[in-house]
**Student:** 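This is the structure I have questions about; it appears just below.
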Amino acid sequence: MSEHLDVLIIGAGISGVSAAWHLQDRSPSKSYAILERRENMGGTWDLFKYPGIRSDSDMFTLGFRFKPWRSSKLIAEGPDILTYVKEAAAENGIDQHIRYGHRVVAADWSDADNRWTVTYEHGGTESTLTCSFLWACSGYYDYDKGYSPEFPGASDFGGEIVHPQHWPEDLNYQGKKVVVIGSGATAVTLIPALIDNGAGHVTMLQRTPTYIGSLPDVDPFAEKTNKYLPANVAHFLNRWKAIAYSTGQYQVARRFPNVFKKALREMATRRLPEGFDYDKHFVPNYKPWDQRVCLAPNGDIFKKIRQGTADVVTDTIERFDATGIQLTSGEHLDADIIITATGLNMQLLGGLKPSRNGEPIDPTKTMTYKGLMLSGVPNFAITFGYTNASWTLKADLVSEFVCRVLNYMDANGFDTVSPEHPGSDIEEQPFMDFSPGYFQRSMHLLPKSGDKAPWRLRQNYFLDLRLIRQGKVDEESLHFTKHRTPVNA
């Protein structure tokens, strides 16, 4: 007989810990386990080891509602975030429910049995267990392989080529010339950290610029609240101030892009060397927040450029050669090490292949309900955080809603819940209005969104508070079926 659980969570990162805590707090009668494919918890914060790895969201909102971030440090480094997530799990007994080295490869829903049969690999063998509700908290990218284009002449390069997702612990870059290909958050993080840790000179080679903003790494407001107010009051104020700020700056960026761009320019130019061509290197040909705005704590990357230890080259690659990179402009970049910070490969559901009664489920034929369930897929939820704010803000809302659904099903004797596709009443739209390369490369593999609530995937915490936290569970888009006696009958 296979083991049976009420809820099975896939992934022991921030999303999985949030899901587990809310289950314990709001649905304590539910048995659950977390299957984690890696040998450690923490997800992103355990995987990435490159120098300077840090949050690109403030810690007052990247942290959980149930575990206040007590420091005044606004932007935290990866090891500190990993420690925080592990503490949250240990303090609440969540770590006792994690099964490491368990890779979920398939899940089949049975209409006859009203349960999922989940197939996983562990120790080189495949096994199965069953669950009444399946919850994917596995993030959105492939943990095995980052995205790296095929560069002509790469085999001719005499130095090392490294992708940040697979950072060698023994990489020696002391005093060496380093070229970082890319202009996203990873590149913006890596460059100052490499210089601070001994690299000789670092060049950011980008095909197109990225918007970069600057914030202090320590929040002056939080310093005062933490010093003078009770801890819980300080946490409440720090968190809501951060939520209001991130939401406000996003709305300004979308509604008044020229105002937002002017502010970014002022942040940068006062730190860059005089005469630096800001427009060429830091003004993309898209509007702010069409792609994520990168964050440079204290303007560190701009300061490195002013100091002469870093520079930016906006050009395209003709080929690699023995000593570096030949650009299409004719310029040559000498390099001892080339770092391909060229992005991620998206992988929804962690590579899980779901099916129903043995027939494969095609995610592209489904529509996301409140951004957390898929139409036509019973007893299933997915945690997908914000792209314009902290991932955890959305993760916690998803966790709350799933627990409300589970409790409603128990109270009314329901066995299954499934969003019903709205049909032609709702216009299909892409999964998300977001244009980074890793999204665009995978958009054809993703579920659809709709043009109206509750099918529209919003990127606004305040709107989601109303839709997800305050919205009714028993509404027409969710279809419940009943086979058992209600808990309170």
**Student:** Will you find, in the side chains of Thr44 and Tyr141, an N or O donor that is under 3.5 Å from an N or O acceptor?
**Tutor:**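 Yes, Tyr141 and Thr44 have a side-chain donor paired with an acceptor closer than 3.5 Å.
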**Student:** So, do Asn379 and Val417 sit near enough that their side-chain heavy atoms are less than 4.5 Å apart?
**Tutor:**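 They are in contact (side-chain heavy atoms under 4.5 Å apart), so the answer is yes.
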**Student:** Has Asp219 got a side-chain atom pairing as donor or acceptor with Ser72's backbone, closer than 3.5 angstrom?
**Tutor:**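 Pair absent, no side-chain N/O of Asp219 close to backbone of Ser72.
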**Student:** Answer yes if the side chains of Thr314 and Gln206 hold a donor-acceptor pair under 3.5 Å, and no otherwise.
**Tutor:**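 A donor-acceptor contact under 3.5 Å links the two side chains.
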**Student:** Supply the atom-to-atom distance Arg254 CZ to Gln249 CD, rounded to the nearest 0.5 angstrom.
**Tutor:**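 The CZ atom of Arg254 sits 11.5 Å away from the CD atom of Gln249.
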**Student:** Could you check whether Lys304 pairs with Asp196 (Lys NZ or Arg NE/NH1/NH2 to Asp/Glu carboxylate O, under 4.0 Å)?
**Tutor:**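 The answer is yes: the pair qualifies as a salt bridge.
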**Student:** Under 4.0 Å between a side-chain nitrogen and a carboxylate oxygen: does that hold for Lys49 and Glu169?
**Tutor:**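 Between Glu169 and Lys49 there is no salt bridge, as every charged N stays at least 4.0 Å from the carboxylate O atoms.
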**Student:** Out of curiosity, Asp217 CG to Leu295 CG, how far, rounded to the nearest 0.5 Å?
**Tutor:**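 CG of Leu295 is found 9.5 Å from CG of Asp217.
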**Student:** To check you understand the geometry: which heavy-atom pair defines the closest contact between His421 and Ser375, and what is its length?
**Tutor:**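 Heavy-atom minimum between the residues: CD2-OG, 3.6 Å.
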**Student:** Can a donor-acceptor pair be found, under 3.5 Å and without considering hydrogens, that links the side chain of Glu36 to the backbone of Ala12?
**Tutor:**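 Checked: pair present.
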**Student:** How close do Trp289 and Thr387 get, counting heavy atoms only, and between which atoms?
**Tutor:**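 It is CZ3-O, 3.4 Å.
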**Student:** Under the side chain to side chain donor-acceptor pair (under 3.5 Å) criterion, do Tyr32 and Gln24 qualify, and how do the steps go?
**Tutor:** CA-CA 9 Å; Tyr32 80 92; Gln24 293 181 173; 2.6 Å; yes
**Student:** Please check if the side chain of Arg466 supplies one atom and the backbone of Phe462 the other of a donor-acceptor pair under 3.5 Å.
**Tutor:**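 Side chain of Arg466 to backbone of Phe462: no pair is present.
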**Student:** Just checking, any donor-acceptor pair under 3.5 angstrom between side chains of Thr210 and Ser183?
**Tutor:**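 Yes - a donor-acceptor pair under 3.5 Å links their side chains.
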**Student:** Can you say whether the rings of Tyr369 and Phe401 are parallel (under 30°), tilted (30 to 60°) or perpendicular (over 60°)?
**Tutor:**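 Taking Phe401 first and then Tyr369, their aromatic rings sit tilted (interplane angle of 30° to 60°).
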**Student:** Closer than 3.5 angstrom, by distance alone: can the side chain of Lys370 be matched with the main-chain N or O of Leu467 as a donor-acceptor pair?
**Tutor:**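 Between the backbone of Leu467 and the side chain of Lys370 there is a qualifying donor-acceptor contact (under 3.5 Å).
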**Student:** Is the His281-Phe276 ring centre distance short of 6.0 angstrom?
**Tutor:**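 Yes: the rings meet the under 6.0 Å criterion.
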**Student:** Hydrogens and angles aside, do Asp396 and Ser399 bring a side-chain donor and acceptor to less than 3.5 Å of each other?
**Tutor:**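 Short answer, no.
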**Student:** Are Phe431 and Phe384, when compared by the centres of their aromatic rings, separated by less than 6.0 Å?
**Tutor:**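 Ring centroids of Phe431 and Phe384 are less than 6.0 Å from each other.
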**Student:** Minimum heavy-atom separation for Thr366 and Pro447, please, with both atom names.
**Tutor:**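 Closest approach of Thr366 to Pro447: OG1-CB, 3.5 Å.
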**Student:** Would you say the side chains of Asn92 and Asp25 form a donor-acceptor pair under 3.5 Å?
**Tutor:**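 Asp25 and Asn92 do not have a side-chain donor-acceptor pair below 3.5 Å.
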**Student:** Mind checking whether Tyr211 and Tyr286 have ring centres under 6.0 Å apart?
**Tutor:**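 They qualify: ring centres under 6.0 Å apart.
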**Student:** Determine, using ring centers only, whether Trp167 and Phe48 are less than 6.0 Å apart.
**Tutor:**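 No, the ring centres sit 6.0 Å or more apart.
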**Student:** Under 3.5 Å, side chain of Thr269 to main-chain N/O of Arg265, donor-acceptor pair present?
**Tutor:**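 Looks like yes, one N/O pair under 3.5 Å.
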**Student:** Compare all side-chain heavy atoms of Glu400 with those of Ile468 and state whether any distance is below 4.5 angstrom.
**Tutor:**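 No, too far: nothing below the 4.5 Å cut-off.
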**Student:** Is there a donor-acceptor contact under 3.5 Å from the side chain of Asp46 to the main chain of Gly43?
**Tutor:**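 No, the answer is negative, given that no donor and acceptor are paired below the 3.5 Å cut-off.
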**Student:** Tell me whether Arg70 contacts the main-chain N or O of Ala231 through its side chain, where contact means a donor paired with an acceptor under 3.5 Å.
**Tutor:**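 Side chain of Arg70 to backbone of Ala231, a donor-acceptor pair under 3.5 Å: yes, one is there.
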**Student:** Is there a donor-acceptor contact under 3.5 Å linking the side chains of Trp135 and Thr383?
**Tutor:**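 Checked: Trp135/Thr383 side chains pair up, N/O donor to acceptor below 3.5 Å.
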**Student:** Judged by atom type as modelled, is there a donor-acceptor pair below 3.5 Å linking the side chain of Arg255 to the main-chain atoms of Tyr250?
**Tutor:**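 Not confirmed, Arg255 side chain does not pair with Tyr250 backbone.
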**Student:** Roughly how far, to the nearest 0.5 Å, is NE2 of His163 from CG of Leu344?
**Tutor:**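 Atom-to-atom, Leu344:CG and His163:NE2 are 7.0 Å apart.
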**Student:** Step by step, would you call Arg37 with Asp144 a salt bridge (Lys or Arg N to Asp or Glu O under 4.0 Å)?
**Tutor:** CA-CA 11 Å; Arg37 60 172 296 185; Asp144 292 328; 2.7 Å; yes
**Student:** Is the ring pair Phe236/Trp240 parallel, tilted or perpendicular, if the boundaries are 30 and 60 degrees?
**Tutor:**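 Rings of Phe236 and Trp240: tilted, 30 to 60°.
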**Student:** In plain terms, say whether Arg292 and Asp56 are close enough for a salt bridge, that is, a side-chain N and a carboxylate O under 4.0 Å apart.
**Tutor:**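 Looking at Asp56 together with Arg292, the answer is yes, because their closest N to O distance falls below 4.0 Å.
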**Student:** Determine the interplanar angle of the Tyr278 and Phe282 rings, folded into 0 to 90°, and report it as parallel if under 30°, tilted if 30 to 60°, perpendicular if over 60°.
**Tutor:**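 Rings of Tyr278 and Phe282: tilted, 30 to 60°.
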**Student:** Has Ser55 got a side-chain atom pairing as donor or acceptor with Ala76's backbone, closer than 3.5 angstrom?
**Tutor:**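 Yes; judged by distance alone, with no hydrogens or angles, the pair exists.
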**Student:** Within a strict 4.5 Å, meaning less than it, do heavy atoms of the Glu223 and Val218 side chains meet?
**Tutor:**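 The answer is yes, as the side chains (C-beta and beyond) meet within the 4.5 Å cut-off.
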**Student:** In sequence, state the C-alpha distance, the side-chain angles, and the governing distance for Asp58 and Tyr245, and then conclude on side chain to side chain donor-acceptor pair (under 3.5 Å).
**Tutor:** CA-CA 10 Å; Asp58 68 90; Tyr245 177 84; over 6 Å; no
**Student:** Tell me whether the rings of Phe66 and His22 are parallel (<30°), tilted (30 to 60°) or perpendicular (>60°).
**Tutor:**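 Because their plane-to-plane angle is over 60°, the rings of Phe66 and His22 count as perpendicular.
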**Student:** Evaluate Tyr84 against Trp69 for ring pair (Phe, Tyr, Trp, His ring centres under 6.0 Å), listing each step before the verdict.
**Tutor:** CA-CA 8 Å; Tyr84 169 85; Trp69 178 256; 5.6 Å; yes
**Student:** With respect to Leu194, which candidate in Ile337, Val178, Thr309 satisfies the side-chain contact (heavy atoms from CB on, under 4.5 Å) definition?
**Tutor:**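 Passing option: Val178.
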**Student:** Looking just at side-chain N and O atoms, do Thr208 and Asn285 make a donor-acceptor pair shorter than 3.5 Å?
**Tutor:**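 Side chains of Thr208 and Asn285: no pair found under 3.5 Å.
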**Student:** Determine yes or no for a side-chain-to-main-chain donor-acceptor pair under 3.5 angstrom, with Asp142 supplying the side chain and Asn345 the backbone.
**Tutor:**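 It does not hold such a pair.
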